[in-house]
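Please read these numbers as outputs of a predicted model, since none were measured by experiment. Below, chain A is the first sequence line, B the second, and so on; all start at residue 1.
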Amino acid sequence: MGSPTEAGRFGEFGGRYVPESLVPACAALEAAFRQAWADPAFHQQLSRLRTEYAGRPTALTPALNLSADLGVTLLLKREDLAHTGSHKINNVLGQALLAQRMGKTRLIAETGAGQHGVATATAAALFGMRATVYMGERDIERQRLNVFRMELLGAEVIPVTSGSRTLKDATNEAMRAWVAAVDDAHFCLGSVGGPHPYPWLVRELQRVIGEEARAQTPTVPDVVVACVGGGSNAAGTFAGFVDTDARLIGVEAAGGAAMTNGSPGVVHGYRSMVLQDADGQVLEAESIAAGLDYPGIGPEHAHLGTTGRAEYRTVDDAEVLAAVVRLARSEGIICALESAHAVAWVLRAAGTPDLPTGSTVLLTLSGRGDKDMAALAGEIR
Amino acid sequence: MGSPTEAGRFGEFGGRYVPESLVPACAALEAAFRQAWADPAFHQQLSRLRTEYAGRPTALTPALNLSADLGVTLLLKREDLAHTGSHKINNVLGQALLAQRMGKTRLIAETGAGQHGVATATAAALFGMRATVYMGERDIERQRLNVFRMELLGAEVIPVTSGSRTLKDATNEAMRAWVAAVDDAHFCLGSVGGPHPYPWLVRELQRVIGEEARAQTPTVPDVVVACVGGGSNAAGTFAGFVDTDARLIGVEAAGGAAMTNGSPGVVHGYRSMVLQDADGQVLEAESIAAGLDYPGIGPEHAHLGTTGRAEYRTVDDAEVLAAVVRLARSEGIICALESAHAVAWVLRAAGTPDLPTGSTVLLTLSGRGDKDMAALAGEIR
Amino acid sequence: MKQLNPYLTGGITPDWTDYLLAYQEAGADAVEIGLPFSDPMMDGATIQQASDQALRRGVTIDSILADLVAVRAHVRIPLIAMTYANLVFRDGPETFCRRLAGAGISGLIVPDVPVDEAGRLEAAATAAGIDLILLAAPVTAPDRLAEIGRRSRGFVYAVSVMDTTGERDALAATAAPLARRLREVTELPVLIGFGISTPGQAAAAARAGDGVVIASALMRRVLEGASPDDLRAEVAGFRAALDQVDQEMPVARAHPEVSGYRR
Amino acid sequence: MKQLNPYLTGGITPDWTDYLLAYQEAGADAVEIGLPFSDPMMDGATIQQASDQALRRGVTIDSILADLVAVRAHVRIPLIAMTYANLVFRDGPETFCRRLAGAGISGLIVPDVPVDEAGRLEAAATAAGIDLILLAAPVTAPDRLAEIGRRSRGFVYAVSVMDTTGERDALAATAAPLARRLREVTELPVLIGFGISTPGQAAAAARAGDGVVIASALMRRVLEGASPDDLRAEVAGFRAALDQVDQEMPVARAHPEVSGYRR
Ligand SMILES: Cc1ncc(COP(=O)(O)O)c(C=O)c1O
Ligand SMILES: Cc1ncc(COP(=O)(O)O)c(C=O)c1O
């Protein structure tokens with residue numbers, strides 16, 4: 001997983017489909033990123049933040065009980081242990097450093113599950129910036145804990161009432177807000193979508209997941225699996241293994257499976273696989289996991305999927321709920337509904353030709369499930 | 001902080017004031033602990049669990065913004081980043097390993113804030129044991145998130161309706177339940193109270209906090225501070241610094257300040273400082289932090305306080321709420337109400353003779369605040 | 001002569017083409033027909049609502065184009081489609097442009113296709129006889145501005161303000177400088193759009209450029225239930241304001257007639 | 001002769017000493033007076049509730065002892081205080097034991113002071129002329145059992161069951177074996193307590209030991225509002241059951257009369 005083309009393409013996907021008003025900001029971000037990424041001082045700052053602040057490296061936990069039950073060796077990369085409770089902090093710390101280098105005083109973000117919003121609010125507090133987070137009304141209702149956390153951190157959470165009132169519409173609003181504030185504000189995008197350089201930038205900032213995991217696994221696992229909303233935790237994980245012969249599996253929500261059920265399209269500034277109708281109207285996704293309730297997928301995933309280097313699977317809400325409970329009761333780990341998609345696939349596939357008995361599986365547990373207790377209350381007992 | 005006397009005393013405090021029915025179980029636990037603690041295989045197992053499962057070592061985060069504001073160097077030992085969100089997991093993993101060695105199939109625990117209950121439910125899931133957690137009705141109401149988590153992990157949470165319906169009464173109930181189940185069940189006590197060997201055992205299992213922190217601080221800090229409920233995170237922290245000339249400060253809740261406002265007494269199996277009336281009736285504590293809402297304190301703290309090696313301070317609920325918000329907005333870290341007691345003391349003392357400008361302070365942030373969002377909702381903005 | 005391009009969301013009401021004819025009667029030089037998109041990133045609340053209303057009615061590109069074909073005989077002014085990239089690229093820009101041309105549309109504005117991403121679409125538009133109108137923004141650097149001026153067809157769309165579409169209290173201070181900069185790099189007419197809300201603002205904009213696009217101010221009226229007659233009056237007000245400017249500054253600048261946007 | 005020691009929470013009602021006298025009339029050999037503690041770790045729901053009720057009434061050790069002094073002239077049987085360590089140690093066991101003795105109490109049971117922690121209290125009790133009665137449990141190992149038998153005064157309290165106080169459907173299977181083991185290591189009477197709920201269960205226990213303590217079964221009735229007369233009848237029922245056992249097994253075992261617990 002190298003750099004995209006100069007136009008920000010991964011194969012036929014990616015690009016920078018933004019209003020002219022945003023082109024200079026995207027170009028400036030790209031330049032700042034290229035410069036920072038070549039600057040050892042930047043890496044040193046980032047590395048310090050990761051270690052001293054965010055709690056990296058995160059653990060690699062062998063899921064001993066589930067492994068025994070399933071007949072595979074299951075290793076969990078524990079992004080749930082990172083500060084703020086998910087991998088989103090990896091990305092945000094990097095972007096906040098970039099924003100600071102660019103002289104920005106404000107972060108604008110979209111959020112679905114609220115984890116990216118919390119991470120953004122966190123970085124804003126740490127860096128002394130203002131944070132404005134756009135969040136769909138429906139997601140505000142179902143991830144109330146994270147709304148509280150953002151507000152406690154001093155961020156402004158703006159409810160988005162248009163469309164499906166979820167991540168898709170929050171992203172629209174955040175981009176609109178960015179247009180109006182582009183001088184002072186950095187758009188702190190939460191996943192590997194959006195206009196160039198975001199898909200590349202976010203993947204590079206999440207690469208730490210895969211690189212740590214690679215160093216933590218004694219041998220290359222047979223299968224590397226992660227859930228896919230926009231696809232940032234998966235991209236970061238895959239980046240550590242793309243040059244091995246590990247199979248790479250991204251797991252989408254059945255109701256938001258852009259890679260599995262979508263077709264090429266352009267939304268939110270990038271060309272990728274999109275759930276859409278015959279005209280190109282974007283369809284509303286429908287998933288119990290607010291962070292995967294999104295009709296698109298990062299362009300690099302579209303490329304990896306199209307070229308066959310990665311494979312994409314789907315699991316439905318019922319499997320996901322069962323997976324959260326199974327993991328909790330087997331390993332004592334309550335994961336996020338998003339992360340449980342990857343677990344659900346392993347539960348279903350283990351012992352089938354898709355994941356033969358004896359396989360070693362590295363699974364990125366992208367976040368913790370505290371935020372989902374309300375949704376899960378019905379599942380208890 | 002060495003071993004207690006053979007009778008389990010730290011100076012005049014400690015002991016084993018339990019019904020005869022529990023004496024053999026306490027003695028067996030003591031023997032198992034002594035044996036395990038001398039067994040490198042046990043330490044290896046524990047160390048593996050800490051690293052691979054619980055995410056240790058936890059980070060040491062310099063609180064750069066607060067330090068600049070306060071004129072002190074404030075270093076945060078990040079137990080909030082440990083699996084399940086507090087230091088309680090350190091203790092529980094060790095006790096679960098011991099329980100397993102002793103052939104127990106069940107864990108009984110008391111919990112206040114629910115963090116110890118969650119940790120116990122977690123270890124029970126991991127070790128394939130049953131967990132029964134006693135929790136005061138009032139704490140169930142104010143720490144609902146943790147009740148959900150315990151239940152999702154498969155634990156049975158039993159509401160305690162007697163007395164103050166908080167930690168004190170949950171502890172009574174747990175001990176009663178232990179009497180009736182002492183063959184199969186290990187009483188997984190959550191803090192450095194209870195009958196010998198618990199205060200010693202739990203401190204030794206929490207010692208990892210202080211030892212890591214000592215290794216992580218370039219020089220010995222001037223002041224080491226931690227909140228004190230029963231006192232386990234403080235004891236574990238102090239253990240790393242008791243042989244230095246660092247001042248050791250434990251911060252109690254103003255409404256549960258056994259060390260500051262109590263007198264010697266015997267409750268829950270040990271002799272220590274207790275909030276009580278002239279007859280010896282135990283008083284109800286009153287703190288916004290369920291984990292500190294307790295009228296006793298571990299016997300070793302009573303000893304450290306009496307001998308002057310450690311000092312104890314109190315902060316009130318209003319200071320604690322303000323401290324949560326201040327830390328969140330300065331450093332992007334939402335800590336537990338319990339942990340915020342330590343922060344509140346630093347905020348108040350910095351620049352006074354109690355904590356002169358220029359001091360270096362190591363503060364153990366015992367847990368994260370997700371569980372407290374409901375209590376904090378009123379504080380936002 | 002200052003150009004007046006009012007905007008109309010295709011399919012916003014069952015009788016939406018009556019608004020189109022009313023615009024024409026009121027003196028519009030061209031009409032921009034919005035092909036509604038589910039995720040209109042550059043639009044403020046009014047146009048979002050107009051698009052939603054149309055989509056909820058079940059309109060499609062086909063139905064809108066069919067409606068246009070039905071009134072074709074009555075339309076004497078150019079029609080310009082305004083929509084988003086995803087609709088354009090869904091079946092390929094070649095197919096899309098041919099469909100537009102087949103319905104009598106002669107121009108196309110796609111706000112989320114900047115000049116860097118416009119290559120294939122430009123070729124497709126040219127092949128179909130459609131003018132691909134490019135947008136410039138207040139933050140566009142001089143070299144990009146020159147490229148936009150060079151590659152745009154029909155006119156150049158000057159985005160008056162760093163914001164989405166939507167009514168404003170006053171013409172943005174960024175509008176006139178952008179129009180002035182554009183006029184230095186292109187012979188094409190420079191039309192100012194985004195947020196022009198009153199005839200007074202239109203006149204101010206027209207003094208700096210060659211005309212205006214009016215969108216949210218009109219769509220708000222339609223959403224409020226105003227009739228085609230009401231909208232005719234509304235557009236006539238803008239027309240009068242522009243004609244007034246023409247009188248003030250008889251022939252401010254000569255530019256070649258391009259593609260017949262001013263018949 | 002089988003001993004019957006019924007229990008009464010001190011201060012449970014304003015007229016609580018009437019229950020004491022009723023117990024005496026019904027043939028109690030001694031009465032255990034509970035000095036209520038806020039955190040009665042070894043007690044089940046009934047005794048907890050009884051303690052709470054007394055404490056909510058505002059009783060104190062002083063008020064209970066004063067009540068006892070007031071009825072002293074009418075009390076012909078030994079009184080034994082039963083309470084928890086914190087009350088005993090609050091002002092030091094010496095002071096505490098002297099206060100008990102001053103109110104005519106001659107025995108003391110403290111369930112959360114096991115033999116290992118009893119040293120100072122033993123000395124204080126002895127000095128004050130109070131018998132410190134130690135408890136043994138089904139899980140107590142032989143050597144400890146011997147030590148408890150040796151150090152206890154008055155009688156040995158055999159905790160019948162691995163549980164807190166509280167009524168049960170049947171005498172626990174652990175009761176008789178424990179009593180038997182105790183009788184092998186001590187000359188003292190062995191009284192069985194915890195969960196003895198009916199005269200039938202009392203009889204069964206008495207067959208294994210030298211008598212019984214009855215607590216929750218009586219306190220439940222008091223909490224339900226039963227009168228001293230009702231309780232007299234209740235205790236008389238237990239008395240009759242024990243007397244019946246005495247008849248069955250005339251002199252099962254001789255043991256020295258100690259401290260006058262059976263006058
Ligand atoms: C815990 C967690 N996992 C996964 C995701 C999905 O994002 P991505 O696919 O970019 O990793 C989210 C998004 O909110 C999340 O919160
Ligand atoms: C986060 C946290 N900190 C502190 C405490 C208090 O316990 P201790 O004093 O034993 O550390 C608790 C107890 O629940 C807790 O949850």
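Looking at B:A82, only its backbone comes within 4.5 Å of chain A, counting heavy atoms on both sides. Using a 4.5 Å cut-off between heavy atoms, B:L327 makes no contact with chain A at all. Residue contact with chain A, scored on non-hydrogen atoms closer than 4.5 Å, involves the backbone and the side chain of B:L145 alike. Contact of B:A63 with chain A is not made at all, since no heavy-atom distance falls under 4.5 Å. Residue B:V118: no heavy atom, backbone or side chain, is found under 4.5 Å from chain A. Contacts between B:D80 and chain A at a heavy-atom distance below 4.5 Å involve the side chain alone, from C-beta outward. Looking at B:T58, there are no atoms closer than 4.5 Å to chain A (heavy atoms on both sides), in backbone or side chain. Interface remark: A:A54 contributes backbone atoms only to the contact with chain B (heavy atom separation under 4.5 Å).
Rounding to the nearest 0.5 angstrom, the gap separating the CG atom in B:L376 from the CD atom in A:E151 is 12.5 Å. Note: A:R56 CZ to B:L81 CG = 11.5 Å, rounded to the nearest 0.5 Å.
Across every non-hydrogen atom of B:A59 and A:G55, the tightest pair is CB-CA, 4.2 Å. Of all the heavy atoms in B:A328 and A:L152, the pair that sits closest is CB-O, 3.8 Å.
Most heavy-atom pairs under 4.5 Å with chain A: of the set B:I334, B:V324, B:L64, this distinction falls to B:I334. Options B:T122, B:T84, B:N146, B:D370 differ in how many heavy-atom pairs under 4.5 Å they form with chain A, and the most are formed by B:D370. Interface remark: of the candidates A:R368, A:E331, A:R78, A:R368 forms the most heavy-atom pairs closer than 4.5 Å to chain B. Listed options B:T61, B:L60, B:N65, B:L49 were ranked by heavy-atom pairs under 4.5 angstrom with chain A; first place goes to B:T61.
A ring pair (Phe, Tyr, Trp, His ring centres under 6.0 Å) check over residues 60-99 of chain A, counting only residues at least two apart or in different chains, returns the pairs A:Y53-A:H83.
Residues satisfying the side-chain hydrogen bond (donor to acceptor under 3.5 Å, both in side chains) test with A:K88, not counting sequence neighbours, are none.
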